[in-house]
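Let me begin by presenting the structure, written as structure tokens, before commenting on it.
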Amino acid sequence: MSEKVFIFDTTLRDGEQVPGCKLNTKEKLDLALQLEALGVDIIEAGFPISSPGDFESVTQISKAITNATVCGLSRAVQKDIEVAAQALKFAKRPRIHTGIGTSDFHIKSKFNSNREDILARAIQCVKWARNFTDDVEFYAEDAGRTDNDYLARVVEAVIKAGATVVNIPDTTGYCLPYQYGEKIAYLVNNVSNIDKAIISCHCHNDLGLATANSIAGVISGARQIECTINGLGERAGNTSLEEVVMVIEQHKHLGFHTGIHHKQLYPMSREVSEVMRMPVQPNKAIVGSNAFSHSSGIHQDGFLKDATTYEIINPEQVGAGLSKIVLTARSGRSALAHRLQKIGYQFNRNDIDFLYEKFLQVADKKKEVEEDDLHQLARAYTPELATH
Ligand code: KIV
Ligand code: ZN
């Protein structure tokens, strides 16, 4: 029996913090409903004290969402927590996400404080939040650079104070996968009441390691991943939802599953990209426009013989339509024959040999050979097909 990994989506909070990605209440509400339909377990709807608009968005999302938990962010400040609780008051399953920086960088430079005072504030904020809901998540900001011993003390204390989820953010995206995995394992082995809470991974992508770190965290005992559609988020972004979900799906031997409906991943990615006006890089894993395109001759030949030679995911599995055979000067004869056949031309091997030389002349001048170019090539070679 595989174990469930909860998917906590923070596109509407950490993702929306990105310059240019700000959404109005209607846009946030529409996306929240689609995230729920996607199968997300927890939707972080916003940071209610940050602006009246965000307060309103969290309120409207709380009213509309029926199955998923709706979460609001706060600092370890009483007023923040009260405002978050007010914005969440209509939620069927409200969660308050509160916390404080625990690394020495944060303790000294941000708070001009010391470890004992920060520990006391961590306990206090969880207690305030528990006055409003039984579902309280504590974040130890910059846990990635927090000393493991001190982190374990904080985590044990906040669980004792009532935290039901403990979030271990690699806020600066600093950790290597083995280090992040060891950090989670350290908590599993050294926090006496760890069985009373779910450990959550919240990894940033500054070194391109967010997905790897989140998976390392799950392998070591975390059971919630915080992520965003298309990996949007502060600086280089957060863990990408579509990536972690498909890693778990493709590596079933790890013994985990999520509740995400995979076929909606690609449409959801496109929707978020459009609403947030943030293009998806073409080579982005799972949802990039080239993720299922084959352009070199060696790959195309193998793929056309058997798709599994060069594809570990069938694009239809994630709602991305069909794989593409793209024609460039690096393509081979089998790809050319395949594309010609798709638009209605049947040629024998000799014809293809001849056409291939003509094709290369066109391809060397262009980045990609299009359908129109193929028609021209085919018609020039076989005049009887000119009316095709
Ligand atoms: O990256 C981070 O540490 C955060 C926390 C506020 C959860 O986004
Ligand atoms: Zn973050």
Side-chain angles (χ1 to χ4, degrees), residues 6-19 21-22 42-51 54 58 69-77 80-81 83-84 87 95-107 109-111 118 121-122 125-126 129 135-147 150-151 154-155 158 163-175 179-180 183-184 187 197-211 213-214 217 222 224-241 243-244 276:
F6 292 92
I7 297 296
F8 175 117
D9 181 277
T10 183
T11 307
L12 303 179
R13 198 278 296 170
D14 221 326
E16 203 237 13
Q17 286 172 206
V18 174
C21 284
K22 164 135 184 8
I42 303 106
I43 298 171
E44 188 162 50
F47 181 11
I49 201 157
S50 65
S51 76
D54 220 32
V58 177
T69 295
V70 180
C71 176
L73 185 77
S74 69
R75 293 166 297 183
V77 173
D80 277 37
I81 293 167
V83 172
R95 174 180 296 180
I96 296 177
H97 189 189
T98 187
I100 195 159
T102 52
S103 69
D104 289 334
F105 297 98
H106 282 230
I107 294 175
S109 309
K110 203 165 121 180
F111 301 115
I118 293 297
R121 285 177 68 179
C125 71
V126 170
D135 189 353
V136 173
E137 174 167 339
F138 174 82
Y139 65 83
E141 197 178 6
D142 204 15
R145 293 186 299 170
T146 299
D147 164 60
Y150 176 62
L151 185 63
V154 173
V155 167
V158 296
T164 44
V165 181
V166 283
N167 179 9
I168 311 301
D170 185 21
T171 305
T172 56
Y174 173 75
C175 288
Q179 290 171 321
Y180 190 75
K183 190 171 282 289
I184 301 298
L187 298 176
I198 290 173
I199 302 177
S200 184
C201 309
H202 177 115
C203 298
H204 279 267
N205 206 30
D206 300 65
L207 292 172
L209 294 171
T211 295
N213 284 346
S214 299
Q224 177 178 286
I225 298 178
E226 309 199 359
C227 45
T228 59
I229 302 292
N230 299 335
L232 289 171
E234 285 275 350
R235 306 180 310 280
N238 285 64
T239 302
S240 145
L241 182 147
E243 291 177 15
V244 284
M276 291 194 160

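First listed ligand is number 1; within each ligand, the first listed atom is number 1.
Residue Glu226 does not touch ligand 1, judged by heavy-atom distances below 4.0 Å. Within the 4.0 Å heavy-atom criterion, the part of Arg13 lying near ligand 1 is the side chain and not the backbone. Neither the backbone nor the side chain of Thr10 comes within 4.0 Å of ligand 1, counting heavy atoms alone.
For the residue pair Thr102/Thr146, the side-chain donor-acceptor check at 3.5 Å is satisfied. Donor-acceptor pairing under 3.5 Å is lacking for the side chains of Thr10 and Thr228. Using modelled atom types and a 3.5 Å distance limit, the side chains of Asn213 and His204 yield no donor-acceptor pair. Under the 3.5 Å distance criterion, with hydrogens and angles disregarded, a donor-acceptor pair is assigned to the side chains of Thr98 and Ser74. Using modelled atom types, one finds a donor on one side chain and an acceptor on the other under 3.5 Å when comparing Ser103 with Asp142.
In this structure, NE2 of His202 and NE2 of His204 enclose an angle of 100° at the Zn ion (ligand 2), rounded to 10°.
Protein heavy atom nearest atom 1 (O) of ligand 1, with residue, atom name and distance: His204 NE2, 3.0 Å. The nearest heavy-atom contact from the protein to atom 4 (C) of ligand 1 is His202 NE2, 3.5 Å. Of the protein's non-hydrogen atoms, the one nearest atom 3 (O) of ligand 1 is Thr171 OG1, 2.7 Å.
A donor-acceptor contact shorter than 3.5 Å links the side chain of Thr11 to the backbone of Ile229.
The line from CG of Asp14 to SG of Cys227 is 11.0 Å long, rounded to the nearest 0.5 Å.
Between Arg13 and the options Glu226, Glu234, Glu44, a salt bridge (Lys or Arg N to Asp or Glu O under 4.0 Å) holds for only Glu44.
On a distance-only criterion, Asp14 and ligand 1 share at least one N/O pair closer than 3.5 Å.
Contact atoms of ligand 1 toward Glu141: 3 (O) (distance under 4.0 Å to a heavy atom of the residue). In summary, the atoms of ligand 1 found under 4.0 Å from a heavy atom of Asn167, numbered by their order in the structure, are 7 (C).
Take the N/O/S atoms of Asp14: the one nearest the Zn ion (ligand 2) is OD2.
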